[in-house]
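Everything numeric here is computed off the predicted structure, so don't read it as measured data. Residue numbers start from 1 in every chain, and the chains themselves are labelled A, B, ... in the order their sequence lines are given, proteins ahead of strands.
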Amino acid sequence: MSSYDPASIEKKWQEYWQENKTFKTTTDKDRPKYYVLDMFPYPSGSGLHVGHPEGYTATDILARYKRMKGFNVLHPIGWDAFGLPAEQYAVKTGTHPRKTTENNITRFREQLQMLGFSYDWDREVNTTDPDYYKWTQWIFLRLFEKGLAYEDEQPVNWCPELGTVLANEEVIDGKSEVGGYPVVRKPMRQWVLKITEYAERLLNDLDDLDWPESTKEMQRNWIGKSIGAEIDFPVYEHNDEIRVFTTRPDTLFGATYMVLAPEHHLVDEITSDEQKEKVEEYKEYAAQKSDLERQELTKEKTGVFTGAYAINPANNKEIPIWIADYVLAHYGTGAIMAVPGQDERDWEFAEKFDLPIIRTVEPPEDFEGKAYTEDGPAINSDFLNGLKITDAKTKIIEWLEENGVGKKSVNYKLRDWLFSRQRYWGEPFPIIHVDGEPKAVADDDLPVELPEVDNYQPTKDGEPPLAKAEHWVETTDPETGKKALRETNTMPQWAGSCWYYLRYISPEFDGAPVEPEEEKYWMPVDMYVGGSEHSVLHLLYARFWHKVLYDCGVVSTEEPFQRLVHQGMILGELEYTAYEKDGKIISADEVEEGDDVNRKPLDESDVEKKGDRHVMKGTEITVNSKAHKMSKSRGNVINPDDVVDNYGADSLRLYEMFMGPLEQVKPWSTKGVEGVNRFLNRAWRLFFGDNHEEEILNITDEEPSKEQLKVLHEAIQKVSEDIEGLRFNTAISALMIFVNEANQWEGVPRSVAEPFVKLLSPFAPHIAEEIWSKFGHDESLAYEPWPELVEEYLKAETIDMPVQVNGKVRANITVPAEKSKDKDFVLGLAKQQENVERYLDDTTIVKEIFVPGRIVNLVVK
RNA sequence: GCCCGGGUGGCGGAAUUGGUAGACGCGCCGGACUCAAAAUCCGGUGGUAGCGAUACUGUAAGGGUUCGAGUCCCUUCCCGGGUACCA
């Protein structure tokens, strides 16, 4: 049998790689290292979708390529296996989450192996393994020791319908992601990590990272640094001061009222007796608003006067103090000085409640808006008058500091990280409570293992499931012998994924999360590939932990991930849809919101392009042409198992890389898979002919021709450069060009065939190994040296150059390579071209443009 | 609203520092092989006109810089992602 049969060869080589531990990583410190990492997968019950292999193939190509380039490559995989779905399944069925998780991991592992990824399976880690979470707990204790982990009453997302607390990411538009039930905020004792202490470093160190600019920008916005001032406003006839944060201290003279968040600690104290009832009512109203309602009601400002007045320290005027929920308790000081003249929100509020407005920045003559937030000279501002914003700020801050009523100040939007969950399936905190005080479990007593429980439901009042494991909860403090209670919250899923990249380096090491010498060699991660949905949270949290570990001396780099790339989402196949309303097909652009329409899927052959729109063939009816996100409900989900069954893993890998640039969103096309599958068949037949009786090796021992060397080395150049630049789509196109060329040859010289197979191997490793072994090699080609480019072979004997007259191509000339830089020769030849002469007749040449080896342009009048 | 990306054939996408727009693949058209089909192979394929050489036109729209613009600058439109009372 000589035809290409992916099913048998893929299985064969997957077994070979595993049995021979082909991809076991060694740490030979004389060689350069390359750490290429995939984002930690959550092993869900539904298995891999086609999005997974995209990033994984990209990193696998890099890993295989770098090995052949002589690098020690660390390319590991593992499981971010704590998490809600296994727990919800446990609540429903009573199945222990450990069991579900194990099953899912087995399935995921099989699927990844089926795709031929070159992971070092001896380094597999699993966050739910006590040997792993021992170190997650150990890191938590370092945070605790440094005062970076503390307990606090914090509002959590309580879902009465589900009887459980939800994480922020499980709440969508104020409703539970599962079931769509309302979620309310309820204060509970929580563990919180002081990420805000690292805000400045997290912000500054972004600059040197080789990350997508958009991701860095998102992190910057999330951290949300703003520079301004804190100003103290004395409260009239009270012995209190209200401190505000403002980025516009220059507008202080325009502060005509103040607003406190309804939760502000001074509200009760300053509220006058007449206003007490209204204020209480409003506080109640604001507290009950869910996030959803807050969002919906953004248009209308609400608020209540407290009856109290503050003194504006700039001009000693009395200004009223209001409370309103447009001021957020958790940002700045939870209180603002309202400057309606220069702030749109304050303007809106002032208009509604009839509060005075003073402009302190002169708007331009033609300004017609309300609040003016742009730059301009200060007015109505005493000693600031005439100054532009920047100068006015400097001056007022000086004045505030001299008078002891305020100072320059920096504020961050970033908030401390709510780090506990009321769940079973997570890492237990290594904390006991003695006399009501939290106390660290000794390092030697780690891990604190998860206890067994009868069921996984939280208690009725929202206490975590672990509270039910009474024997586990009730313990004694080994130091004092006192009664102690274990912490019953567990850590969020982020915990395990915050440091997993370190554990891969020395998964067996028992002295610390990572072995120090190995860590110095392997860190930082050279290439990190994963979805942009992790742009902020995971990547920020992991950077935070890494910096803490750096401060503890556990790691040697300030940042974990030097280079980051996001793979783009893969959408379903392109769909054409016609709309039917009241039994009639109507144009897509006539469909109005709320219309009751039927969607009718159309076949590609029923559609044609007219102008810039797609229409039903022969009509003017516009149809919709769009690729949608894959979803079960839409029924456009592509299952990688099916693709592998039909075309093989090499075709799936190749297609996912050939679709387009890695970072881009792109639609799936099964026809496209067939295309790359055809390519692999052609490549196979290039070497083995198509005789069905017996196998014919179609390679020769002849010396390659100049032409053959040129074709080969063009491929070497393009493929090497494109892998380095992550342009896998064009690298594959270069491989195709090679095969197209080589197919015209009588036979392929071995010295050309072998390098080509190596070029193919990172992309389609199974077929490459098979061809390689059929060439007579006994060992895997995984560590064969990558083909060297010889520039000499790239040189062409002749060069084609276009000849333009007034910028339009009128002829093409072929010149000997050595003459291509000879201006006189090339121009002479160009002017002789028949079709050029036509355009030169009766004209004068005013300029001759000659770009050596590229183009000739004759400018005539 | 604000901040990032991005608009190139029927489709996915290529195009060094500005230098032949449409590489490669899909689809489509024609041909070979076949009793036939599939597979495979060969040729063609942005649009318009022409038998053809060729000409005009064409990278969301409009304008500009340049010998020359998909690429640089300005204005507008559309699509995708993020974010949203952050003082």
Requested in this report: Look at the rings of A:Phe687 and A:Phe756 and say which category their plane angle falls in: under 30° parallel, 30 to 60° tilted, over 60° perpendicular.
Outcome: tilted
Requested in this report: Have a look at A:Lys413 and say if it touches a base, only the backbone sugar-phosphate, or nothing, with a 4.0 Å heavy-atom cut-off.
Outcome: base
Report summary line: Ranking B:C67, B:A23, B:G10 by distance to the side chain of A:Val859, first place goes to B:C67
Query raised in the report: Taking for each residue the nucleotide of RNA chain B with the nearest heavy atom, is it A:Lys847 or A:Thr215 whose nucleotide lies nearer the 5' end?
Result: A:Thr215
Report task. Report which part of the nucleic acid A:Thr247 touches: base, sugar-phosphate, or nothing (heavy-atom distance under 4.0 Å, all strands). Result -> sugar-phosphate
Requested in this report: Report which part of the nucleic acid A:Asn740 touches: base, sugar-phosphate, or nothing (heavy-atom distance under 4.0 Å, all strands).
Outcome: sugar-phosphate
Report task. Could you measure between the two C1' atoms, the one in B:G68 and the one in B:G19, and give it in whole Å? Result -> 7 Å
Requested in this report: Name the residue closer to the 5' end of RNA chain B, choosing between A:Gly332 and A:Pro667 according to the nucleotide with the nearest heavy atom.
Outcome: A:Pro667
Requested in this report: Figure out the OH/C1' separation between A:Tyr655 and B:G13, and round it to whole Å.
Outcome: 10 Å
Report task. Among the candidates B:A87, B:G19, B:U40, find the nucleotide nearest to the side-chain atoms of A:Ile855. Result -> B:G19
Query raised in the report: Is it true that A:Asp207 and A:Arg220 have a side-chain N and a carboxylate O under 4.0 angstrom from each other?
Result: yes
Query raised in the report: OP1 or OP2 of B:A87 sitting under 4.0 Å from any side-chain N/O of A:Arg243?
Result: no
Query raised in the report: Taking atom C1' of B:G5 as reference, at what distance in whole Å does atom CG of A:Leu662 sit?
Result: 15 Å
**Report entry** B:C24 and B:G43, which share atom name P, separated by this distance in whole Å
**Finding:** 12 Å
Query raised in the report: Contact class for A:Ser214 (heavy atom, under 4.0 Å): base, sugar-phosphate, or nothing?
Result: sugar-phosphate
Report task. Flag the pair A:Lys393 and A:Asp250 as a salt bridge only when some basic side-chain nitrogen lies within less than 4.0 angstrom of an acidic carboxylate oxygen. Result -> no
Query raised in the report: So what does A:Asn857 touch, heavy atoms closer than 4.0 Å: a base, only the sugar-phosphate, or nothing?
Result: base
Query raised in the report: Nearest-Å distance, CD (A:Gln804) to P (B:G68)?
Result: 10 Å
Query raised in the report: Does B:G47 sit syn or anti, given that only angles within 90° of 0 count as syn?
Result: anti
Query raised in the report: Touch check for A:Asn812, heavy atoms < 4.0 angstrom, all strands: base, sugar-phosphate only, or nothing?
Result: base
Query raised in the report: Given B:U16, is OP1 or OP2 found less than 4.0 Å from the side-chain N or O atoms of A:Arg854?
Result: no
Requested in this report: Name the closest nucleotide to the A:Tyr576 side chain, picking from B:U57, B:G10, B:G12.
Outcome: B:G10
Query raised in the report: Does one side chain, of A:Thr196 or A:Asp416, offer a donor that lies under 3.5 Å from an acceptor on the other?
Result: yes
Query raised in the report: Of the candidate nucleotides B:C85, B:C67, B:U54, which contains the atom at the shortest distance from the side chain of A:Arg838?
Result: B:U54
Report task. Figure out the OH/C1' separation between A:Tyr839 and B:A53, and round it to whole Å. Result -> 11 Å
Report summary line: Checking B:G19, B:A23, B:A87 against the side chain of A:Ile849 (C-beta onward), the nearest is B:G19
Query raised in the report: Are a donor atom and an acceptor atom from the side chains of A:Arg678 and A:Asn681 found within less than 3.5 Å of each other?
Result: no
Query raised in the report: To the nearest 0.5 Å, how far apart are OH in A:Tyr257 and CG in A:Asp346?
Result: 4.5 Å
Report task. Mind calculating the distance between CZ (A:Phe349) and C1' (B:A87) to the nearest angstrom? Result -> 14 Å
Requested in this report: Using a heavy-atom cut-off of under 4.0 Å over every strand shown, decide if A:Ile737 touches base, sugar-phosphate, or nothing.
Outcome: sugar-phosphate
Query raised in the report: If you check the A:Arg685 side chain, which of B:G19, B:C41, B:C24 turns out closest?
Result: B:C41
Query raised in the report: Counting any heavy atom closer than 4.0 Å, what does A:Val665 reach on the DNA or RNA strands: base, sugar-phosphate only, or nothing?
Result: sugar-phosphate
**Report entry** Nearest to side-chain heavy atoms of A:Thr246, which nucleotide of B:G13, B:A87, B:G25
**Finding:** B:A87
Query - Pair A:Glu200 + A:Lys225: basic N to acidic O under 4.0 Å - result: yes
Query raised in the report: When you check the phosphate oxygens OP1 and OP2 of B:G12, does a side-chain N or O of A:Asn729 lie under 4.0 Å from one of them?
Result: no
Query raised in the report: Hey, is the side chain of A:Asn835 poking within less than 4.0 Å of OP1 or OP2 on B:A55, counting only N and O atoms?
Result: yes
Requested in this report: Mind checking A:Ser226 for me? I need base, sugar-phosphate or nothing, with any heavy atom below 4.0 Å counting as a touch.
Outcome: sugar-phosphate
Query raised in the report: What is the nucleic acid contact for A:Arg810, judged by heavy atoms within less than 4.0 Å: base, sugar-phosphate only, or nothing?
Result: sugar-phosphate
Query raised in the report: In terms of side-chain heavy atoms, does A:Thr360 have a donor or acceptor partner in A:Gln342 at a distance below 3.5 Å?
Result: yes
Report task. Kindly point out which of B:C26, B:U54, B:U20 is positioned nearest to the side chain of A:Pro802? Result -> B:U20
Query raised in the report: When the distance from CH2 of A:Trp668 to P of B:G12 is rounded to whole Å, what number comes out?
Result: 16 Å
Query raised in the report: Under 4.0 angstrom, heavy atoms only, what part of the nucleic acid is A:Gly675 near: base, sugar-phosphate, or nothing?
Result: sugar-phosphate
Requested in this report: Return one dot-bracket line describing RNA chain B 5' to 3' (Watson-Crick or G-U wobble pairs, both distances under 3.5 Å; ( ) same strand, [ ] crossing, | another strand, . none).
Outcome: (((((((..(((......[....)))((((((.......))))))((((....))))..(((((..]....))))))))))))....
Query raised in the report: Please give, in whole Å, the distance from B:C85 C1' to A:Trp347 CH2?
Result: 18 Å
Requested in this report: Inspect the contact between A:Glu848 and A:Lys823 and indicate whether a charged nitrogen and a carboxylate oxygen are less than 4.0 angstrom apart.
Outcome: no
Report task. Examine A:Lys301 relative to A:Tyr326 and say whether NZ or CZ is less than 6.0 Å from the centre of the six-membered ring and inside a 45° cone about the ring axis. Result -> yes
Query raised in the report: Base, sugar-phosphate alone, or nothing: which one does A:Lys626 contact when heavy atoms must sit under 4.0 Å apart?
Result: sugar-phosphate
Report task. When you get a sec, tell me which of B:G27, B:U54, B:G10 is the closest nucleotide to the side chain of A:His614? Result -> B:G10
Query raised in the report: Quick one: is A:Arg682 getting a side-chain N or O under 4.0 Å of the B:G25 phosphate, OP1 or OP2?
Result: yes
Query raised in the report: Choosing from B:A14, B:G27, B:C56, which nucleotide comes nearest the side chain of A:Lys808?
Result: B:C56
Query raised in the report: Would you say the ring centroid of A:Tyr285 lies under 6.0 angstrom from that of A:Tyr282?
Result: yes
Query raised in the report: Which nucleotides of nucleotides 44-51 of chain B have their base under 4.0 Å from a protein heavy atom (B), which only their sugar-phosphate (S), and which neither (-), written as one string 5' to 3'?
Result: --------
Report summary line: Rounded to whole Å, CD of A:Glu741 lies from P of B:C42 at a distance of 12 Å
Query raised in the report: So does A:Lys666 get a side-chain nitrogen or oxygen closer than 4.0 Å to the phosphate oxygens (OP1/OP2) of B:G12?
Result: no
Query - Electrostatic pair A:Lys370:A:Glu348 at N-O distance under 4.0 angstrom - result: no
Query raised in the report: If you look at every strand shown and take non-hydrogen atoms under 4.0 Å, does A:Pro661 touch a base, only sugar-phosphate, or nothing?
Result: sugar-phosphate
